[in-house]
2 protein chains.
Amino acid sequence: MDSWDDLRYFQAVAETGSLTGARKRLGVNHSTVFRRIKGLEEKLGVRLFERWDARYQLTGAGELLMVRVEQVAEAIDDVDRMILGGDQTLEGKVRITCPDGFAYYQLPPLLAEFRALYPGIEIELLADSDDLNLSRMEADIALRATNNPPEHLVGRKLMTMPWQLYGSERFAHGQSGVYTAKTLSGMPVIGPERALLRLKPMQWLEKHCSAVSIVARANTLMGMAALVKAGLGVALLPDDVADGLPPLGSLDREFQSDLWLLTHRDLRSNARVKACSQFLTERLMR
Amino acid sequence: MDSWDDLRYFQAVAETGSLTGARKRLGVNHSTVFRRIKGLEEKLGVRLFERWDARYQLTGAGELLMVRVEQVAEAIDDVDRMILGGDQTLEGKVRITCPDGFAYYQLPPLLAEFRALYPGIEIELLADSDDLNLSRMEADIALRATNNPPEHLVGRKLMTMPWQLYGSERFAHGQSGVYTAKTLSGMPVIGPERALLRLKPMQWLEKHCSAVSIVARANTLMGMAALVKAGLGVALLPDDVADGLPPLGSLDREFQSDLWLLTHRDLRSNARVKACSQFLTERLMR
DNA sequence: CGCTCTTTTTGCATTTTTGCAAATATCGTT
DNA sequence: AACGATATTTGCAAAAATGCAAAAAGAGCG
């Protein structure tokens with residue numbers, strides 16, 4: 001594909017269904033549109049449109065191409081609604097990535113509120129269990145549980161989330177509400193699957209509680225929380241995935257994660273990103 | 001973004017790190033590259049490159065843009081390695097979508113074999129629990145468990161997969177190996193989460209076995225199978241997610257899914273797609 | 001049928017882009 | 001210091017793309 005622009009013409013014709021429609025959208029002469037479509041079909045050696053009733057109708061091959069071109073167009077839209085010297089309009093998308101607990105519980109009500117304030121801003125919410133692609137920064141705003149955020153991103157610490165022991169009350173240990181590696185031994189514990197072993201509290205659990213009976217394991221904190229709710233046992237979890245469930249108690253060893261709201265340095269001047277991150281910061285710091 | 005081609009120049013410079021590198025890759029004059037980059041920076045009003053040591057180094061804004069442009073480029077690559085009048089080379093990608101059980105168990109060994117036969121073909125494997133986006137057909141080849149495939153796709157039925165009861169032997173019911181809604185009542189059953197209720201066997205389970213004690217639920221068949229393996233209970237599953245686990249027995253009511261291999265009509269002439277789908281068809285029909 | 005709208009197609013003028021050559025600057029290496 | 005490689009910049013000519021006008025053809029509609 002030596003000319004990406006050809007696809008732009010193709011898309012315009014496919015979506016408007018006529019040369020004149022495309023002509024208007026692209027703001028060029030209709031013969032230009034005609035020549036580029038013709039050229040593209042010749043280059044590809046495939047008929048992309050069926051000319052019926054003076055309308056441009058996609059052929060099978062055309063539809064196949066259109067699927068890809070839509071993906072291209074969406075990626076281009078992403079380019080558009082970015083930097084561009086600080087887009088000051090309050091219309092368009094903002095993409096947020098966050099731990100899955102926040103995607104399910106904490107954020108939705110806040111985002112509903114936010115949309116009422118800024119009806120023009122469309123929110124794309126990406127639940128993200130792995131924080132690997134932080135350096136790529138494919139979202140505009142990232143909520144991340146980390147104790148030292150990468151330096152190429154800017155943001156602030158919103159809260160520290162304690163890890164506590166969750167589970168049905170029938171597992172309660174009675175006494176002080178403080179649990180140790182020993183007291184856990186008698187209880188059915190929900191443990192981490194390999195993917196979660198990068199988390200410090202989980203490492204501690206595996207190391208100091210080898211004698212504990214693990215009744216189930218999950219590869220996400222949400223999964224662990226779901227098992228807790230199903231009454232299978234107790235688990236060590238950060239507050240955000242608990243969804244209002246009261247904690248059984250805390251551990252003698254204290255764990256906590258810092259929650260950061262991060263954006264890319266060059267997105268700070270973008271009005272949508274600014275509005276959204278300020279709103280979230282303000283509401284989550286309460 | 002009125003010129004998609006500008007991004008092509010941007011990408012070439014960013015990846016080669018110099019004007020001359022980009023010049024060579026694009027096969028154009030260096031001043032053309034220079035002028036387009038300069039024009040793009042002016043249009044965006046942002047500096048995209050830092051000129052140090054006679055090298056083009058991306059600025060922060062440039063890196064942000066590059067993330068998006070990479071997505072654009074990948075989408076364009078997808079356009080390239082498509083139809084194009086039946087690509088006869090055996091080099092490039094083929095994208096397969098399939099139920100997650102196949103992605104984890106059945107396909108990997110077959111694909112290893114396939115890669116040995118066609119080292120130039122790169123396989124992209126998409127585990128796909130929802131078969132909604134079939135009409136979009138974002139993959140080249142789809143393996144789908146359905147009893148009536150959409151007519152705009154062509155393909156063939158590879159096998160019929162029975163649904164059987166799986167679980168640890170200690171749950172075995174002894175007698176005939178045939179289970180009914182009644183005999184299930186005494187056993188710990190792993191049920192479907194809402195997302196799985198579109199499957200007929202799961203609807204049957206919910207309807208006729210309301211008295212059954214559900215000990216856990218999952219939103220994917222793989223998740224259910226994982227719970228079965230963990231010994232939590234028994235579940236009704238298609239063979240593909242069982243991963244060699246022997247079935248406990250079958251039900252009095254018989255369930256089965258047909259597995260289809262589907263491709264788009266206009267991809268049949270593509271050599272890679274043909275090679276891959278023929279290979280998979282042949283091996284999976286045994 | 002006559003009217004309008006759109007596609008299709010072709011010349012030609014105009015505009016834009018590109019290639020080319022040349023001159024200068026910068027940097028690293030020898 | 002000299003050299004080579006690359007970036008930067010500019011004028012001009014060549015090439016390519018586009019706009020414009022016009023004309024033929026088909027379809028829809030009253």
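In this text the structure is predicted, and so the values were computed from the model without any measurement. Every chain is numbered from 1, with letters handed out A, B, ... down the list of sequences.
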Review point. What about B:Phe49 and B:Phe10, are their ring centers closer than 6.0 Å?
Key: yes
Review point. So do the side chains of A:Ile141 and A:Thr97 get within less than 4.5 Å of each other, counting heavy atoms only?
Key: no
Check your understanding: Are B:Asn29 and B:Ser31 linked by a side-chain donor-acceptor pair shorter than 3.5 Å?
Key -> yes
Rounded off to whole Å, could you give me the [atom1]-to-[atom2] distance for the [X] and [N] pair?
X       : N      : atom1 : atom2 : value
B:Asp2  : D:dT18 : CG    : P     : 12 Å
B:Asp5  : D:dT18 : CG    : C1'   : 15 Å
B:Ile37 : C:dT18 : CD1   : P     : 12 Å
A:Glu41 : C:dT9  : CD    : P     : 11 Å
B:Arg36 : D:dA7  : CZ    : C1'   : 19 Å
A:Lys38 : D:dA17 : NZ    : P     : 14 Å

Check your understanding: Is A:Lys43 salt-bridged to A:Asp2, cutoff N-O under 4.0 Å?
Key -> yes
**Study point:** For DNA chain D, the residues among residues 20-31 of chain A that have a non-hydrogen atom under 4.0 Å from it
**Key:** A:Val28, A:Asn29, A:Ser31
The side chain of [X] lies closest to which of these nucleotides: [options]?
X       : options               : value
B:Leu19 : C:dT9, D:dA7, C:dT7   : D:dA7
B:Tyr9  : C:dT18, D:dG19, D:dA7 : C:dT18
B:Phe34 : C:dT9, D:dT9, D:dA17  : D:dT9

Practice item. With sequence neighbours excluded, tell me which residues meet side chain to side chain donor-acceptor pair (under 3.5 Å) with B:Gln278. Key: none
Review point. Okay, side chain of B:Asp100, backbone of B:Ala103: is any donor-acceptor separation there less than 3.5 Å?
Key: no
Review point. Across the strands shown, which category fits B:Arg35 at heavy-atom distances under 4.0 angstrom: base, sugar-phosphate, nothing?
Key: base
**Study point:** Qualifying residue, where the test is side chain to side chain donor-acceptor pair (under 3.5 Å) with A:Arg95 and the options are A:Glu122, A:Glu138, A:Glu124
**Key:** A:Glu124
Check your understanding: According to a strict under-4.0 Å criterion, is B:Thr32 in side-chain N/O contact with OP1 or OP2 of C:dG19?
Key -> yes
